S.K.: 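The structure follows.
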Amino acid sequence: MKLISIVVPCYNEQETVEIFYKEIIKVINELPDYGFEIVYINDGSKDNTAEYIYKLTKLDSRIAFIDLSRNFGKEAGLLAGLQYAKGDAVVVMDVDLQDPPNLLPELISNWEKGHDIVYTRRTNRDGEPLIRSWFAKLFYKLINKLSDVEIVDGARDYRIMDRRVVNSLLDLGEKNRFSKGLFMWVGYDCKCIEFQHVERVAGETSWSFWKLFGYAIDGIVSFTNFPLKIASIFGIIVSLLSFIFLIYVVIKNTIFENPVSGWASMTSIICFLGGIQLIVIGVIGEYVGKVFNEVKARPQYIVKDYIESSFNKGEQNEN
Ligand code: UDP
Ligand code: MG
């Protein structure tokens, strides 16, 4: 029997942990040909998420529970899940039911047809603030233009991945992970399934606008060096313009003997160049910061407690 691991990162999700379990169990029960484990990750929640998950592990031995020592962010939680998942295929899902569990049979059947990755894509962004949608669109346009990975607009983390894809993801050495990009970067045979946006079943999103903005910058810095080239491009343009201006000033002074007037123009030019230099230093700083984090090579997460699901100990050993 093939085992499918469902990895669910949770942060302050006490309202949704149980609802998710009830919904996913309905779907799983319709798929008797597979073994399932549900890997809940508690990403340092400040509410009672951990207790709720712990209760579920008592109810159902198919549940694994990874309790992280603090909030490390969704990326880290996801990585922990992938590292601990034992399945022949791994499904990644949000716990708030924004990733509809009823798509699961379709994901699995497509995986069985030989697609290594079957991912889902939201076709609309209803209920989202306009400015957020606009920035999201801009982000996808930018990253797809600048980097060599193609990140589909609206693609969710909700996906099934074959064991070999998961192993490739785990083999990647980088600490600072931008999964949306890495999922595409590893390649393999991908198939997309589309669905309509679903509202959160309960609880609140933990992504503020600025958190998402930082996430987007992270993605761009992780996947393209283009912003670094902007410095050189600015440099070349400004040098050329200055040279032309220099010739103009020399001619004006020597032939027409007309002294250059005005400190205002001078100050604006100095301020303008100062601004550009600061921006460029900032861009370089982003990359240096990334390198610093990679060099420190701290673990992406720390596991405080781990409760294993029973599948491996039971059914799989019999095979
Ligand atoms: N999440 C997490 N750690 C965090 C933030 C979020 O594990 O630091 C989880 C969260 O519990 C949920 C998923 O990531 O299962 C997606 O988060 P959320 O629903 O808040 O994001 P949105 O759907 O609004 O983008
Ligand atoms: Mg959500």
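Predicted, not measured: the structure shown is a model, and the values here were computed from it. Whatever order the structure lists them in is the order used to number ligands and atoms, beginning at 1.
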S.K.: Take Tyr84 and Tyr306 through the test ring-ring contact (aromatic ring centres under 6.0 Å, His included) and record every step on the way to the result.
M.R.: CA-CA 9 Å; Tyr84 279 76; Tyr306 172 53; 4.5 Å; yes
S.K.: Just need the protein heavy atom nearest to atom 11 (O) of ligand 1, so name the residue and atom and give the distance.
M.R.: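 Of the protein heavy atoms, Glu13 OE2, 2.6 Å lies nearest.
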S.K.: Take every heavy atom of Cys10, measure it against each atom of ligand 1, and state whether any distance is under 4.0 Å.
M.R.: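 In this structure, Cys10 qualifies as a contact of ligand 1 - some heavy atom is under 4.0 Å.
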S.K.: Identify, for atom 23 (O) of ligand 1, the protein heavy atom at the shortest distance, and state residue, atom and that distance.
M.R.: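 Answer for atom 23 (O) of ligand 1: Gln98 OE1, 2.7 Å.
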S.K.: Does Lys74 pair with Asp157 as a salt bridge, N-O distance under 4.0 Å?
M.R.: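 Here Lys74 pairs with Asp157 in a salt bridge, since their nearest N and O are under 4.0 Å apart.
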S.K.: Is the shortest distance from a Lys or Arg side-chain nitrogen in Glu308 or Lys86 to a carboxylate oxygen in the other one below 4.0 Å?
M.R.: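 Result for this pair is yes, salt bridge flagged.
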S.K.: For atom 24 (O) of ligand 1, which protein heavy atom lies nearest, and how many Å away is it?
M.R.: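 Looking at atom 24 (O) of ligand 1, the protein heavy atom closest to it is Thr205 OG1, 2.7 Å.
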S.K.: So which protein heavy atom does atom 18 (P) of ligand 1 come closest to, and at what separation?
M.R.: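 Checking every protein heavy atom, the shortest distance to atom 18 (P) of ligand 1 gives Arg200 NH2, 3.5 Å.
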S.K.: Any nitrogen or oxygen of Lys211, side chain or backbone, less than 3.5 Å from one on ligand 1?
M.R.: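 No, there is no polar N/O contact under 3.5 Å.
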S.K.: Under 4.0 Å between a Lys/Arg side-chain N and an Asp/Glu carboxylate O for Arg62 and Glu37?
M.R.: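 Looking at Glu37 together with Arg62, the answer is no, because their closest N to O distance does not fall below 4.0 Å.
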S.K.: How far is atom 15 (O) of ligand 1 from the closest protein heavy atom, and which atom is that?
M.R.: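 Protein heavy atom with the smallest distance to atom 15 (O) of ligand 1: Pro9 O, 2.8 Å.
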S.K.: In the protein, what heavy atom is nearest to atom 25 (O) of ligand 1, and what distance, to one decimal place, separates them?
M.R.: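 The answer is Trp207 CD1, 3.9 Å.
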S.K.: Take the angle between the ring planes of Phe213 and Phe135 and call it parallel below 30°, perpendicular above 60°, tilted in between.
M.R.: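 Because their plane-to-plane angle is over 60°, the rings of Phe213 and Phe135 count as perpendicular.
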S.K.: When only distance counts, is Arg132 in polar contact with ligand 1, meaning an N/O pair under 3.5 Å?
M.R.: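 Checking ligand 1 against Arg132, no N or O pair falls under 3.5 Å apart.
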S.K.: Scan Val91, Ile41, Ile38 and name whichever one has a side chain to side chain contact (heavy atoms under 4.5 Å, CB included) with Val7.
M.R.: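 Checked Val91, Ile41, Ile38 against Val7; only one passes side chain to side chain contact (heavy atoms under 4.5 Å, CB included): Ile41.
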S.K.: To the nearest 0.5 Å, what is the distance between CG on Asp67 and OG1 on Thr49?
M.R.: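 The OG1 atom of Thr49 is 10.0 Å from CG of Asp67, to the nearest 0.5 Å.
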S.K.: Pull out every atom of ligand 1 sitting under 4.0 Å from any heavy atom of Asp96, numbered as shown with elements.
M.R.: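 Those qualifying, in numeric order: 19 (O), 23 (O).
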S.K.: Is NZ or CZ of Lys2 both nearer than 6.0 Å to the six-membered ring centre of Trp111 and within 45° of the ring axis?
M.R.: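 Yes, Lys2 and Trp111 form such a contact.
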S.K.: Quick one: do Asp94 and Arg156 make a salt bridge, cutoff under 4.0 Å?
M.R.: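 Salt bridge present between Asp94 and Arg156.
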S.K.: May I ask you to check whether over 12 heavy atoms, not counting those of Lys145, lie within 6.0 Å of atom NZ?
M.R.: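 Counting neighbours around NZ of Lys145, 12 or fewer heavy atoms of other residues, nucleotides or ligands fall under 6.0 Å, so no.
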S.K.: If we only count N/O pairs under 3.5 Å, is Arg156 in contact with ligand 1?
M.R.: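 For ligand 1, there is no N or O atom that lies under 3.5 Å from one belonging to Arg156.
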S.K.: Give the residue, atom name and distance (to 0.1 Å) of the protein heavy atom nearest atom 3 (N) of ligand 1.
M.R.: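 So the nearest neighbour among protein heavy atoms is Asp43 OD2, 2.6 Å.
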S.K.: Tell me the contacting part of Val8 for ligand 1: side chain, backbone, both, or neither, using a 4.0 Å heavy-atom threshold, strictly below.
M.R.: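 It is neither; nothing of Val8 touches ligand 1.
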S.K.: Do the charged groups of Lys290 and Asp218 touch, with an N to O distance under 4.0 Å?
M.R.: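 Yes, this pair counts.
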S.K.: How does Lys74 reach ligand 1, if at all, at less than 4.0 Å between non-hydrogen atoms: by side chain, backbone, both, or neither?
M.R.: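 For Lys74, backbone and side-chain atoms both sit under 4.0 Å from ligand 1.
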S.K.: With respect to the Mg ion (ligand 2), what is the nearest N, O or S atom of Asp96?
M.R.: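 The Mg ion (ligand 2) is closest to the Asp96 atom OD2, counting only N, O or S.
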S.K.: When you measure from atom 6 (C) of ligand 1 to every protein heavy atom, which one gives the shortest distance, and what is it?
M.R.: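 Nearest protein contact, heavy atoms only, for atom 6 (C) of ligand 1 is Ser206 OG, 3.3 Å.
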S.K.: Return yes when at least one N/O/S atom of Gln98 is nearer than 2.8 Å to the Mg ion (ligand 2), and no when none is.
M.R.: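 Yes, within the cut-off.
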S.K.: Show the atoms of ligand 1 that are less than 4.0 angstrom away from any heavy atom in Gly73.
M.R.: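 Reading through ligand 1 atom by atom, the close ones are 3 (N), 8 (O).
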